[in-house]
Amino acid sequence: MLSKRLIACLDVREGKLAKSVKFVDTKDIGDPVEKAREYYEDGLDELVFYDITASSDKRRIMLDFVEAVAAEVFIPLSVGGGVRTVADATDLRLAGAEKINVNSAAVQRPELISECAHAIGAQNVVLSMDVLRVAVSDATPSGYEIVINGGRKRMGVDALAWALRGEALGAGELVVNSIDADGTRAGYELTLTRMIADAVRIPVIASGGAGQPEHLQQVLTEGHADAALVASMVHFGDYTCSGLKRYLHEQGVKMRMRW
Amino acid sequence: MSRTLIVDYDAGNLRSVQRACHEVGLDAVISADPAALARADRVIFPGVGQAASAMATLHRSGLADALRHAITAGTPILGICLGLQISLTHSEEGDTPCLGLIDGRVRRFALDDPRLKVPHMGWNEVRVVRAHPVLAGIEPGDEFYFVHGYYPDPTTRDAVLAVSDYEREFCCALGVGNYVGVQFHTEKSGRVGLDLIARFGAWDGRFDAGGRS
């Protein structure tokens, strides 16, 4: 049977690891290509890069960066951030990304999902959704709402309905990122993850909130997620990919243990 | 140095296969030229996409005949994913007649468990059931990366080299004569996958089990 996957996410701006609240000192994190290689050699199952390059004329730098990683890392690569057109997706694929993540642009223009699925294959289109816990209402019967622009803009779209629509439009996988849990290191949003994983027939990647190995175990069992995404847990050296996988394996979660 | 040709028939990104070849020191070129294929020392036949459109491109380009020629000439050939599938006689995907390099059919996963997802995507264990030079070194517990909704079902059971489990057992690697094919993306399967490509690069194309059907 399939193993559960450990996925690491790196935020990249113009080919460098981005500074953000979570990245206190970029020097400690190092060059993203090196980091990718390190994780790959330490048993990581899949890598995700989010391009947070502000201006579109710098996109070439990201493509070169993806090429550099693809020459050194022989596991699936997924790239997202600013994918607005099929051309954005096919450019990234040619550079070496297997999977393309779409997010805000798909919320604003859902056909982007089906266009990308047609162009690069549904299994390679990942719909990444940023989700905020809200009051249950007519517009948001699941109690979760889709937000964009890094969580700043509420869209009035129900998260569960959006997940189902994304699947119907041809998304091959979903990243469910909880804005409430993100950055807290207090654990993934289990209720949200399980609700969506139980409703769709495509794999669900849980994102946001991981701080302890137990959190990964919870989301991969109780949360019904197929994969757990981590970022700061491994970037600062608090945990290693192999250490997390060994822990999960010892807890009875099926993981790929030889690499 | 011998040259490996990666067959370019407009079926997905072939550069990841080329990068993996380079990583293990193989001189690999991507080419859509049937004449170059006929001259190649070894051939990798990868691909993602749909069987019918892939077959149409292969026929139109003359690559289908060149592949058949390479099989009879004894050139070592490695099929990967869709490349493996369309090497068989027929695919259920779009009810498509395929190359027939290997006798057999490509079947869609028909699963009873509604929680199991198709395509079968992710890392899964590969169990070698018949020794083959290209699969030598795969050990119990080694996992490879899969993305597929269909799987190969060769007519000759002797052709099955390795199996994997997704609700039930399915063939994930087969070999007949100078042809070996893998359903998983060996180029994206980390060290174990690169090792397989390296062994293919050192293989002389001989395999005496079953014979070509």
Side-chain angles (χ1 to χ4, degrees), chain A residues 1-7 39-47 66-78 90-99 118-124 126 167 172-174 197-198 200-205 224 226-227 245 249 254-259, chain B residues 11-24 47-50 53 81-82 111 113-126 137-149 164-169 184-198:
Chain A
M1 296 315 278
L2 287 172
S3 292
K4 301 284 188 180
R5 284 172 282 157
L6 177 69
I7 302 177
Y39 294 165
Y40 158 64
E41 288 177 347
D42 196 36
L44 186 71
D45 299 311
E46 194 166 323
L47 260 173
V66 172
E67 289 218 24
V69 175
E72 298 210 21
V73 170
F74 298 93
I75 52 175
L77 297 181
S78 186
T90 51
D91 285 351
L92 286 164
R93 286 266 297 165
L94 280 176
E98 262 69 54
K99 303 184 189 179
H118 184 72
I120 66 171
Q123 71 279 5
N124 297 317
V126 183
E167 179 184 29
E173 232 174 1
L174 297 176
D198 288 352
V200 298
R201 294 286 311 274
I202 51 179
V204 166
I205 300 165
H224 296 183
D226 298 278
K245 289 181 68 166
H249 172 71
K254 188 175 182 313
M255 304 297 292
R256 175 177 69 111
M257 292 310 295
R258 292 172 52 83
W259 52 83
Chain B
N13 181 12
L14 308 179
R15 287 182 56 207
S16 55
V17 175
Q18 188 183 34
R19 287 188 190 98
C21 287
H22 290 165
E23 178 75 3
V24 299
V48 293
Q50 287 186 315
S53 58
C81 197
L82 180 67
L111 304 173
D113 185 344
R115 287 167 306 174
L116 287 180
K117 293 152 184 180
V118 176
H120 169 240
M121 176 168 67
W123 296 84
N124 205 336
E125 187 176 351
V126 167
I138 297 178
E139 294 186 23
D142 280 349
E143 297 184 27
F144 289 75
Y145 187 73
F146 290 84
V147 184
H148 62 125
S164 194
D165 287 306
Y166 197 50
E167 190 174 87
R168 62 200 65 150
E169 198 173 273
F184 43 83
H185 285 277
T186 196
E187 77 280 10
K188 284 289 165 184
S189 295
R191 177 48 54 193
V192 294
L194 294 175
D195 286 348
L196 188 152
I197 293 171

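Labels below follow one simple rule: chain letters A, B, ... track the order of the sequence lines, proteins then strands, and each chain is numbered from 1.
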Can you confirm whether more than 12 heavy atoms, excluding those of [X], are under 6.0 Å from its [atom1] atom?
{"X": "A:His118", "atom1": "NE2", "result": "no"}
{"X": "A:Glu41", "atom1": "CD", "result": "yes"}
{"X": "A:His224", "atom1": "NE2", "result": "yes"}

Problem set entry | Heavy-atom pairs under 4.5 Å with chain A, option from B:Gln18, B:Glu139, B:Glu125 with the top count | B:Glu139

Exercise. Among B:Ser189, B:Ser16, B:Gly193, B:Pro114, which has the most heavy-atom pairs under 4.5 Å with chain A?
Worked result: B:Pro114

Seminar exercise, completed: With chain B, the option among A:Pro76, A:Ala71, A:Gly121 that has the most non-hydrogen atom pairs under 4.5 Å is A:Pro76

Seminar exercise, completed: Counting heavy-atom pairs under 4.5 Å with chain B, the top scorer among A:Glu72, A:Lys99, A:Met257 is A:Lys99

Which atoms of [X] are under 4.5 Å from chain B, going by heavy atoms: the side chain, the backbone, both sets, or neither?
{"X": "A:Ile202", "answer": "backbone"}
{"X": "A:Glu98", "answer": "side chain"}
{"X": "A:Asp198", "answer": "neither"}
{"X": "A:Lys4", "answer": "neither"}
{"X": "A:Ala119", "answer": "neither"}
{"X": "A:Arg5", "answer": "side chain"}

Looking only at non-hydrogen atoms, find the nearest pair between [X] and [Y] and report the distance.
{"X": "A:Arg258", "Y": "B:Asp142", "answer": "NE-OD1, 2.5 Å"}
{"X": "B:Asn124", "Y": "A:Leu2", "answer": "ND2-N, 3.8 Å"}
{"X": "A:Asp226", "Y": "B:Lys117", "answer": "OD2-NZ, 3.0 Å"}

For this session: Give me the one residue out of B:Lys188, B:His185, B:Arg19 that meets side-chain contact (heavy atoms from CB on, under 4.5 Å) with A:Phe74.
Result: B:Arg19

For this session: Look at the side chain of B:Trp123 and the backbone N and O of A:Asp45, then say whether any donor-acceptor pair between them is shorter than 3.5 Å.
Result: yes

For this session: Report yes or no: does B:Arg115 contribute a side-chain atom to a donor-acceptor pair with the main-chain N or O of A:Arg201 at less than 3.5 Å?
Result: no

Considering only heavy atoms, which portion of [X] lies under 4.5 Å from any heavy atom of chain A: side chain, backbone, both, or neither?
{"X": "B:Val147", "value": "side chain"}
{"X": "B:Arg15", "value": "side chain"}
{"X": "B:Tyr145", "value": "side chain"}
{"X": "B:Leu116", "value": "both"}

For this session: Look up atom CD in A:Gln123 and atom NE2 in B:His120, then write down how far apart they are to the nearest 0.5 Å.
Result: 13.5 Å

